[in-house]
Undergrad: 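Here it is: the structure, laid out below.
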Amino acid sequence: MTNITTENCAALLDILREKNPLVHCITNYVTANTVANGLLAAGASPVMADSPLDAEDITAKASAVLFNMGTLSKDRLRAMLISAQKAADMAKPIVLDPVGAGSTDNRLRSTMQLLRQFRFAAVRGNASEISALLSTSPITMKAEKGVDSAETTLEDKISLAKKAAKRYSCTVMVTGSTDVIANGGRVALVSNGVPMMSKITGTGCLASGLVAALCGCTEDSFEAAVTAAALIGTVGEIASETAKGTGSLYVGMLDTLTNITPDIFTQYAKIENYTGE
Amino acid sequence: MTNITTENCAALLDILREKNPLVHCITNYVTANTVANGLLAAGASPVMADSPLDAEDITAKASAVLFNMGTLSKDRLRAMLISAQKAADMAKPIVLDPVGAGSTDNRLRSTMQLLRQFRFAAVRGNASEISALLSTSPITMKAEKGVDSAETTLEDKISLAKKAAKRYSCTVMVTGSTDVIANGGRVALVSNGVPMMSKITGTGCLASGLVAALCGCTEDSFEAAVTAAALIGTVGEIASETAKGTGSLYVGMLDTLTNITPDIFTQYAKIENYTGE
Amino acid sequence: MTNITTENCAALLDILREKNPLVHCITNYVTANTVANGLLAAGASPVMADSPLDAEDITAKASAVLFNMGTLSKDRLRAMLISAQKAADMAKPIVLDPVGAGSTDNRLRSTMQLLRQFRFAAVRGNASEISALLSTSPITMKAEKGVDSAETTLEDKISLAKKAAKRYSCTVMVTGSTDVIANGGRVALVSNGVPMMSKITGTGCLASGLVAALCGCTEDSFEAAVTAAALIGTVGEIASETAKGTGSLYVGMLDTLTNITPDIFTQYAKIENYTGE
């Protein structure tokens with residue numbers, strides 16, 4: 001149970017570009033373009049294939065798999081089940097983004113089906129999404145705001161991440177102004193990023209995509225998740241230095257992802273091993 | 001039957017940011033990203049959920065609902081029917097964007113089914129789309145250019161908007177170089193915007209999304225539509241001052257939406273109460 | 001069998017803007033927004049309609065049709081079959097982009113079904129996609145990287161393009177650092193573009209869209225394909241002069257497409273008639 005270091009995370013960026021991992025993304029149509037462009041800019045090779053008929057062939061060739069529950073359809077869920085089985089057979093990492101799991105019974109039920117049947121390398125969501133994965137009762141008309149997450153205290157998020165990581169035996173990232181990443185006894189906090197990032201659709205989806213891409217580069221999903229959190233936060237910070245609004249912030253994030261070096265990453269990354277409690 | 005004032009419209013922008021209304025969007029995949037980013041930048045909280053299985057849960061939490069008929073599928077129509085019933089039960093406003101209603105029998109039939117079964121707060125389209133909703137015969141191979149609208153005279157558009165508003169007992173916006181908004185005896189003209197906006201896919205879809213977001217902030221759907229028309233037109237004008245083409249115009253529009261204040265809106269908005277004839 | 005000239009290609013740009021051809025795109029949801037925005041900026045009028053119920057009506061009005069096999073679904077394939085029949089009946093050009101044909105059995109089988117049943121004006125893909133269309137055995141777990149193409153030699157690509165053009169009696173474009181276009185005895189090479197373009201999702205899809213738009217402006221699909229290759233490459237080169245990464249490269253490409261003149265095109269275009277062997 002080693003601590004995470006910024007140097008190791010930074011080194012992963014070079015590995016990402018060198019390996020150029022194929023990431024099989026089964027994801028929503030709202031942010032598919034953003035995830036694809038973000039992964040390409042970062043150095044990965046995304047394939048967005050959500051047909052049940054394509055799922056097995058693509059997963060067989062991929063280094064990692066991403067499931068995103070936004071705009072879920074029956075066919076896309078079927079593709080996920082086929083892909084997950086193939087990934088399990090071939091011991092490939094799968095990353096889950098339970099978009100809106102806290103907002104509809106259908107999404108929660110589908111997400112729980114995946115979590116019960118398969119082992120994930122990592123799960124990334126906001127506090128209300130991860131909470132939903134730990135609740136025992138169905139969602140019934142909560143006041144909750146769909147995919148937007150109510151901000152909770154840092155302690156709540158740490159506790160949430162630890163519980164979910166234990167329950168699902170995987171890395172769990174709870175994102176927010178500070179991101180909390182937990183796996184086994186390890187907990188890390190990443191406090192990069194700027195508030196305006198939450199006003200761009202798909203930054204969360206891209207964060208999950210980066211976790212998947214990095215899981216395709218290291219066996220340590222905890223390190224992959226910490227690196228992804230610090231990477232997207234850093235990229236957002238750098239882009240915000242010249243951004244005039246959400247349009248140029250997004251463009252600047254892709255530009256920064258294209259060019260970021262391990263050195264720049266190291267200068268910006270705010271990664272902390274949490275040893276509290 | 002009060003006249004519209006620019007001041008009231010400007011004030012709605014503050015209400016939008018304060019209320020941050022959840023807008024349930026059942027929309028096409030081509031411009032879903034644009035609509036989501038535009039609504040986020042403006043201060044709303046979009047949820048793009050088009051599964052019949054998600055429709056009821058999301059509509060129950062939403063402040064307003066948007067139906068967009070682009071890339072219509074059977075499942076998406078089913079989701080609209082479920083969502084519309086829930087919205088009707090809970091008295092939530094629904095905004096309809098009849099994309100391409102004039103170009104295929106399927107889209108026209110589906111759109112008419114929605115209009116017959118449910119009451120809408122507002123309908124926004126170009127002249128050929130709104131015309132289609134008033135015709136009595138099926139579309140049969142018109143020379144019409146799909147989703148692009150032939151420019152008609154201002155008088156034609158005023159007459160069209162009034163007729164459609166009467167027929168469907170709702171606010172109707174007919175967009176073009178001058179936008180015409182009608183509801184009951186009220187008619188307003190908005191002449192903001194620049195021609196290049198029509199060369200960005202999704203500006204119309206986003207205009208409809210803004211109508212929905214603003215309908216989530218006021219009971220007066222006429223005021224919501226006039227404000228949305230002036231807002232997107234203003235944002236286009238400001239962005240065009242520095243844009244070099246359609247790419248930077250889109251980025252600039254999101255940047256401007258992020259930052260626009262009621263004061264700036266008031267300086268640019270060209271809103272006119274139409275009292276003619 | 002006339003040689004291609006840069007002047008004739010440049011002249012096509014003016015025809016494109018004048019004619020503003022309606023292009024019926026049945027395409028994947030990842031890059032649909034990019035293709036629509038690119039076609040609008042270039043001067044065409046895209047309609048993205050992928051429902052089997054819309055297919056016949058839209059194709060009947062279109063000047064050209066585009067089929068893109070990315071994120072293929074059963075419904076989208078059904079729409080393609082209906083649209084292709086209508087296009088065949090009305091003698092309208094269809095352009096095929098066999099995205100990922102080399103990566104799954106499903107996509108290859110579906111693509112081959114289309115190629116067997118219908119005559120295409122042009123097919124555009126990377127070397128591995130076009131190779132797949134010539135192979136006799138099903139794809140079985142090649143090491144291939146999904147939609148990314150392994151770079152092959154220029155001679156290989158020329159041979160590939162010629163064989164595929166002969167087999168399917170149409171224009172074939174094999175894209176790469178040099179694009180090869182073949183039809184009958186004619187072969188042209190286009191060496192515009194910058195490597196970073198391959199890091200933006202949808203540049204290939206847009207290239208195919210431009211081939212379709214230009215096929216809507218000339219009966220010579222070979223000239224249309226050569227022009228599209230030089231156009232998107234030129235636009236990428238010009239945009240790369242000021243781009244800071246993939247985000248601003250994409251924005252700059254749309255800006256350049258909005259403004260490019262036949263004169264600028266002529267200055268940049270690197271088009272060569274290949275007479276070797």
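Only this structure's heavy atoms are used, side chains among them; waters, hydrogens and symmetry mates stay out. Sequence lines set the chain letters: A, B, ... in the order given, protein chains first and strands last, and positions in each chain run from 1.
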Undergrad: I'd like to verify something: which residue of B:N259, B:V35, B:N37, B:V30 has the highest number of heavy-atom pairs under 4.5 Å with chain A?
TA: B:N37

Undergrad: Would you find a donor on one side and an acceptor on the other, under 3.5 Å apart, between the side chain of B:H24 and the backbone of B:V47?
TA: no

Undergrad: With a 4.5 angstrom heavy-atom cut-off, which part of A:T246 approaches chain B: side chain, backbone, both or neither?
TA: both

Undergrad: Checking heavy atoms, do the side chain of B:S248, its backbone, both or neither come under 4.5 Å from chain A?
TA: neither

Undergrad: Is any side-chain N of the basic residue among B:R107 and B:E129 closer than 4.0 Å to the acidic one's carboxylate O?
TA: no

Undergrad: Please rank B:L257, B:D54, B:L53 by heavy-atom pairs under 4.5 Å with chain A and give me the top one.
TA: B:D54

Undergrad: Checking B:S198 side chain against B:P195 main chain: does a donor-acceptor pair fall under 3.5 Å?
TA: yes

Undergrad: Before accepting this row, confirm whether a basic side-chain N of the pair A:D75/A:R78 lies closer than 4.0 Å to the acidic partner's carboxylate O.
TA: yes

